[in-house]
Amino acid sequence: GRRTRFRFWRREAWGFKSLHAHHFIGLSMKRESSNTIRWLMEDVLPPFVRDSAFFALLMTKVYPLVTDFSDFRRRAHVLTAEEYSALYARIDRIHDDTDNSVAILEALRAEMVPGTVLDVGCGTGYTLGYLGQQVQGLALTGVDFQIAEKARETWPEVTFYEHDMMRLPFEDGAFDTVISTHTLEHILDIRAAVAELRRVCRKKLILVVPREREGLYTFNPHFHFFPYVHSFLRVLIPLPTRYRCRDIGRDIFYVEEKE
């Protein structure tokens, strides 16, 4: 039925980072490089160029899925789970090991305190592995819809779970710190996703999303676009008393602490 279809589809949406194995025109790159490309597309090119049929034709010569991503967003409210999975199965990774920039990784490290850490939408496991190497006393757990065997082999210190991320298999307040980076922009029901992250968080929740402008034609299938810090804050209401949010090199870095 309709409800079952969308429940499954939302679960598939959470699995994006494990299905997404990026190569941009055959080359892997760092987050800093893709941020520069986004700056050129979003802030230098005027909207009448970015949304034109000519631009779409030009971009499909570079990356054929550009028009598919545009259709994907237009049909978000009626997509089936099969259509969603079929698109993501065709996407390759852009970034080598992690979607996070060096600056974001450092900001995450600075927020860590000894205790339990959950990364929701952990992808390759690189972020957890990095944090474990940089900060002593962390018990690391990663969740994604699909975990590659390479992630388990590379990061044996991380406990991985393959699970529906809209209904996490943990008790309320199970983790001292919960992080989710470059995941929420792919989730249609973003408020429900944030509520679930807050549910399993005991002390500190850290979220990272790209700061980007929506256009008809992009190099990603994001559902949500946040051109300003306050654009992201609007989807997080009600906000707690203790929260911080800032821009770090075209990524929005948000931290909230439980009372």
Side-chain angles (χ1 to χ4, degrees), residues 14-18 20 28-32 35 93 95-163 165 168-184 193-194 196-210 232 236 239-259:
W14 273 100
F16 165 82
K17 295 181 74 176
S18 56
H20 192 58
S28 59
M29 64 178 71
K30 300 296 184 183
R31 185 77 193 184
E32 291 80 356
N35 281 347
R93 278 193 74 83
H95 305 117
D96 293 330
D97 299 311
T98 176
D99 289 336
N100 290 314
S101 66
V102 172
I104 288 293
L105 289 171
E106 173 57 26
L108 288 169
R109 184 205 61 78
E111 292 288 346
M112 291 299 109
V113 294
T116 53
V117 179
L118 172 68
D119 184 1
V120 178
C122 63
T124 65
Y126 181 93
T127 298
L128 284 172
Y130 168 85
L131 293 175
Q133 293 174 348
Q134 297 294 316
V135 182
Q136 294 184 346
L138 299 182
L140 306 169
T141 301
V143 171
D144 213 320
F145 181 68
Q146 185 179 43
I147 303 294
E149 190 58 34
K150 182 180 179 181
R152 300 181 191 275
E153 295 172 355
T154 304
W155 310 109
E157 66 274 28
V158 177
T159 301
F160 288 103
Y161 289 84
E162 288 189 355
H163 205 275
M165 302 176 191
L168 294 167
F170 309 114
E171 297 180 355
D172 294 358
F175 295 90
D176 295 314
T177 303
V178 175
I179 66 177
S180 186
T181 66
H182 295 288
T183 298
L184 290 174
V194 172
E196 183 67 353
L197 295 174
R198 284 171 167 158
R199 181 186 69 79
V200 299
C201 178
R202 182 183 305 128
K203 296 180 180 179
K204 184 182 291 187
L205 174 64
I206 306 173
L207 306 174
V208 178
V209 296
F232 186 50
L236 300 178
L239 291 165
T241 303
R242 300 175 60 187
Y243 75 89
R244 292 167 275 128
C245 194
R246 59 191 171 117
D247 181 282
I248 302 180
R250 296 194 70 86
D251 289 317
I252 297 173
F253 188 86
Y254 171 86
V255 181
E256 69 178 42
E257 299 183 58
K258 295 293 184 73
E259 301 297 330

Evaluate the side-chain proximity of R198 to P240: yes if any heavy-atom separation is below 4.5 Å, no if none is. yes
Below 3.5 Å, can you tabulate the donor-acceptor pairs from side chains in residues 101-117 to any protein atom, sequence neighbours excluded?
residue : atom : partner : partner atom : Å
S101    : OG   : I104    : N            : 3.1
E106    : OE1  : R109    : NE           : 3.0
E106    : OE2  : R109    : NE           : 3.2
E106    : OE2  : R109    : NH2          : 2.6
E111    : OE1  : K204    : NZ           : 2.9
E111    : OE1  : R244    : NH2          : 3.3
E111    : OE2  : R244    : NH1          : 2.6
T116    : OG1  : D176    : N            : 2.8
T116    : OG1  : D176    : OD2          : 3.2

Assess whether side chain to side chain contact (heavy atoms under 4.5 Å, CB included) is satisfied between F232 and L184, documenting all intermediate values. CA-CA 10 Å; F232 186 50; L184 290 174; 4.2 Å; yes
Between CG of L205 and NZ of K258, what distance do you get to the nearest 0.5 Å? 8.0 Å
Are more than 12 heavy atoms from other residues, nucleotides or ligands located less than 6.0 Å from atom OH of Y161? no
Applying side chain to side chain donor-acceptor pair (under 3.5 Å), can you list everything that pairs with Y126, at least two apart in sequence or on another chain? none
For Q136, does the CD atom have more than 12 heavy-atom neighbours from other residues, nucleotides or ligands under 6.0 Å away? no
Rounded distance (nearest 0.5 Å) linking atom NE2 of H182 with atom CG of L207: 11.5 Å
Please assess V200 against V120 for the test side chain to side chain contact (heavy atoms under 4.5 Å, CB included), listing each intermediate value before the final yes or no. CA-CA 11 Å; V200 299; V120 178; 5.6 Å; no
Walk me through it: do L131 and D119 pass the test side chain to side chain contact (heavy atoms under 4.5 Å, CB included)? CA-CA 11 Å; L131 293 175; D119 184 1; over 6 Å; no
Could you walk me through whether T127 and C122 pass the side chain to side chain contact (heavy atoms under 4.5 Å, CB included) test, one step at a time? CA-CA 7 Å; T127 298; C122 63; over 6 Å; no
Between Y254 and the options V209, V208, L239, the side chain to side chain contact (heavy atoms under 4.5 Å, CB included) test singles out L239
Could you tell me the separation between the CG atom of L138 and the CG atom of L128, rounded to the nearest 0.5 Å? 9.0 Å
Does this structure show an ion pair linking K150 with E153, if we count only N-O contacts that are shorter than 4.0 Å? no
F253 CZ to D247 CG distance, which is reported to the nearest 0.5 Å: 12.0 Å
Within the side chain of E157, is there an N or O that forms a donor-acceptor pair under 3.5 Å with the backbone of L140? no
On a heavy-atom basis, which atom in G142 and which in V158 lie closest, and how many Å separate them? N-CG1, 3.9 Å
Any heavy-atom pair between the side chains of F170 and T141 that's under 4.5 Å? yes
Taking the side chain as every heavy atom from C-beta outward, state whether T98 and T181 have any pair of such atoms under 4.5 Å apart. no
Just verifying a value: how many Å separate R246 CZ and D251 CG, rounded to the nearest 0.5 Å? 11.5 Å
Working to the nearest 0.5 Å, report the span between CD1 of I147 and NE2 of H163. 12.0 Å
